[in-house]
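Chain naming here is simple, since letters A, B, ... match the order of the sequence lines and numbering starts at 1 in each. Quantities reported herein were computed from a predicted structural model and do not represent experimental measurements.
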Protein chains: 2
Amino acid sequence: MRKKKGLKKSKDISTEEKIKQAARKLFTQKGYALVRTREIAAEAGINLALLNYYFRSKEKLFDLIMIENLRHFLQGLSVKVLDEKLMIEEKIERVVADYIDFLIANPDLPFFILNELRTNASKIATKMEAEIKPIRSNLIGQLQEAMKAGRIATFNPFHFMANLAGLTIFPFIGKPVLQRVTHVNDEEFRSFMEERKKLVPLWISAILKAKQ
Amino acid sequence: MRKKKGLKKSKDISTEEKIKQAARKLFTQKGYALVRTREIAAEAGINLALLNYYFRSKEKLFDLIMIENLRHFLQGLSVKVLDEKLMIEEKIERVVADYIDFLIANPDLPFFILNELRTNASKIATKMEAEIKPIRSNLIGQLQEAMKAGRIATFNPFHFMANLAGLTIFPFIGKPVLQRVTHVNDEEFRSFMEERKKLVPLWISAILKAKQ
DNA sequence: GTCTATATTCTGATAGAC
DNA sequence: GTCTATCAGAATATAGAC
């Protein structure tokens, strides 16, 4: 009978947390517009009324998940980029490898972010910009040093970011199409992503050194 | 008074076509879930009832647009890849340049395809596979020849397709994020995409030649 | 073919008992 | 805190007049 007020045990999570986990799963997979509140309730194993009791509205619940997902998506980057004193080449190696690990564990996040950013737009864009600013400054700054030192040829920040994201993140966004086109199953896909942890930094390096 | 039954003039398009154009615009921009049938009717300048009169349901209308968009998305590829007798290096140059032109004119298409493919999944996936198969075979075949001839080092079909799409298509999918991160306005973005028509083939070539 | 008005279903949110 | 029952509004689809 003390179940209600007992200390939180690892397996006996609170109703609030159950709802949040269900919401995170569904929102991340399908996006805000396609998820029904009744779906979340069912997934959480509770009643629809409880969702509103705890989170007031679908939108407020979503905002919560959105913020968490965004933070999750960005924090993987910031730790490696900002905290370590590494040469840019090594930094790229670590960031790419860590980020592919993160994406293997959270394959739906990039599409989720892009999708909701497209529709919600202004709402959260500013929050993201604040968190990403130091990351960009750090990377670009180090690249400019490398350019002055003559280790890379030319260097355009926009193309660099587009290439890094395109080679690292795109495979996860385009996964459904890529797999069909290339006849690659889930296991092989994962294996290729593991390969890319070493390949992408090589390719980025080759691109930076290529005459433009 | 003969307006109704007159021959179709270029500027006097039929009601059916007006609805289709409005639907294509809205579905492609916002995706199936976020578009309201009333919106389509308003955009087409007609009444809601006419939409159902001509297309029976929102879903049937969407399926029509989806098929057309998919065909549009793929045909740009097939013409260049299949019809011309060019070396693979030149072929890549032309495909990338033409495709970036196409994407500048239809920037929302890739995201639309990926988004609806994720949710609809099985429905249209098979249609896509049939159309894309010869394109892939042709490209991969020529690349294998180049490999045997020693012009490129190693070659993995999956990585190749992922890289080509990642460098060419991803900037359009990630545009909202990329622009914020790199402080690039619409005009500059377009200008960078123009640059990429020449840069991406160079980079793809550098990647193919890089030791792996 | 085109419209207005309405039916029907879906969905987010709340009231109120326990 | 949790549930059942229900409301209010939105969204798709249809009936029926013109």
Side-chain angles (χ1 to χ4, degrees), chain A residues 1-9 11-66 115-116 119-120 123, chain B residues 1-9 11-66 115-116 119-120 123:
Chain A
M1 277 303 203
R2 302 190 52 196
K3 163 173 86 156
K4 271 188 191 173
K5 298 196 174 185
L7 292 172
K8 285 181 189 172
K9 295 173 186 173
K11 292 220 171 185
D12 185 21
I13 58 173
S14 68
T15 299
E16 186 173 354
E17 188 57 30
K18 269 193 282 186
I19 298 173
K20 254 170 86 171
Q21 286 182 10
R24 174 165 24 250
K25 174 181 171 183
L26 290 170
F27 279 141
T28 307
Q29 272 179 4
K30 307 169 63 170
Y32 179 83
L34 284 176
V35 174
R36 307 293 155 223
T37 51
R38 283 170 171 79
E39 245 184 302
I40 299 176
E43 174 80 26
I46 52 95
N47 189 275
L48 170 59
L50 276 181
L51 188 150
N52 291 80
Y53 173 78
Y54 279 106
F55 299 97
R56 189 73 189 166
S57 76
K58 177 189 178 186
E59 200 177 351
K60 285 195 169 47
L61 173 56
F62 175 80
D63 286 347
L64 219 68
I65 302 298
M66 182 73 205
N115 193 21
E116 304 300 338
T119 58
N120 276 1
K123 244 182 161 182
Chain B
M1 276 302 204
R2 302 189 53 194
K3 169 173 83 160
K4 271 188 190 173
K5 297 198 171 182
L7 291 172
K8 284 181 189 173
K9 295 174 186 172
K11 292 220 170 184
D12 185 23
I13 56 173
S14 69
T15 299
E16 186 173 354
E17 188 55 31
K18 270 193 281 186
I19 298 173
K20 256 171 84 171
Q21 286 182 10
R24 172 163 29 247
K25 175 181 170 183
L26 291 170
F27 279 141
T28 307
Q29 272 179 5
K30 307 168 63 171
Y32 179 83
L34 285 176
V35 173
R36 305 296 154 219
T37 50
R38 282 172 171 77
E39 246 184 303
I40 300 176
E43 174 80 24
I46 52 95
N47 191 273
L48 170 60
L50 277 182
L51 189 150
N52 291 79
Y53 173 76
Y54 279 106
F55 298 97
R56 189 72 189 169
S57 76
K58 176 189 178 186
E59 201 177 351
K60 286 194 168 49
L61 173 55
F62 175 80
D63 286 347
L64 220 67
I65 302 298
M66 181 75 204
N115 192 20
E116 305 300 339
T119 59
N120 276 0
K123 244 182 164 183

In whole Å, I'd like the distance from the CG atom of A/Asn52 to the P atom of D/dG9. 16 Å
Check the phosphate of C/dA13 against A/Tyr53, side-chain N and O only, distance under 4.0 Å to OP1 or OP2. Yes or no? no
If you look only at distance, which donor and acceptor atoms sit under 3.5 Å apart when one is on a side chain in residues 22-35 of chain A and the other is two or more places apart or in another chain?
unit_1: A/Arg24; atom_1: NH1; unit_2: A/Glu68; atom_2: OE1; d: 2.3
unit_1: A/Lys25; atom_1: NZ; unit_2: A/Glu43; atom_2: OE2; d: 3.0
unit_1: A/Thr28; atom_1: OG1; unit_2: A/Arg24; atom_2: O; d: 2.5
unit_1: A/Thr28; atom_1: OG1; unit_2: A/Asn69; atom_2: ND2; d: 3.1
unit_1: A/Lys30; atom_1: NZ; unit_2: A/Glu39; atom_2: OE1; d: 3.4
unit_1: A/Lys30; atom_1: NZ; unit_2: A/Glu39; atom_2: OE2; d: 2.6

A/Glu59 has an atom CD; how far is it from atom C1' of C/dG12, in whole Å? 11 Å
Where the side chain of B/Ser57 is defined as all heavy atoms beyond and including C-beta, which of C/dG1, D/dA13, D/dG1 is the nearest nucleotide? D/dA13
If I take atom CD1 from residue B/Ile19 and atom CG from residue B/Asn52, how far apart are they, to the nearest 0.5 angstrom? 9.0 Å
Given atom CD1 of B/Ile13 and atom P of C/dG1, what is their separation to the nearest angstrom? 15 Å
Interatomic distance, CG@B/Asp63 vs CE@B/Met66, rounded to 0.5 Å, equals 9.0 Å
Taking the minimum atom-to-atom distance to the side chain of A/Lys58, which one of D/dA13, C/dG12, C/dT2 wins? C/dG12
Looking at A/Thr37, does any N or O in its side chain come under 4.0 Å of the phosphate oxygens OP1/OP2 on C/dA13? no
How long is the straight-line distance from CD1 of B/Ile46 back to OH of B/Tyr53, given to the nearest 0.5 Å? 12.5 Å
Separation of A/Leu51 atom CG from D/dT4 atom C1', in whole Å? 16 Å
Nucleotide D/dA13, atom C1' - distance to OH of B/Tyr54 in whole Å: 17 Å
Just the rounded figure in Å: distance from C1' of C/dT11 to CD of A/Glu39. 12 Å
Side-chain contact check for B/Ile46: nearest option of C/dT2, C/dA13, C/dC3 is C/dC3
Distance in angstrom units between B/Glu16 CD and C/dG1 C1', rounded: 12 Å
Restricting both atoms to N or O, compile the protein contacts to nucleotides 4-10 of chain C shorter than 3.5 Å, with distance only.
unit_1: C/dT4; atom_1: OP2; unit_2: B/Asn47; atom_2: ND2; d: 2.9

Separation of C/dT14 C1' from A/Leu50 CG (nearest whole Å): 13 Å
Testing A/Thr37, A/Leu50, A/Ile40, A/Leu61 for side-chain contact (heavy atoms from CB on, under 4.5 Å) with A/Phe55, which one passes? A/Leu61
CD1 of B/Ile65 to CD of B/Gln21, rounded to nearest 0.5 Å, is 9.5 Å
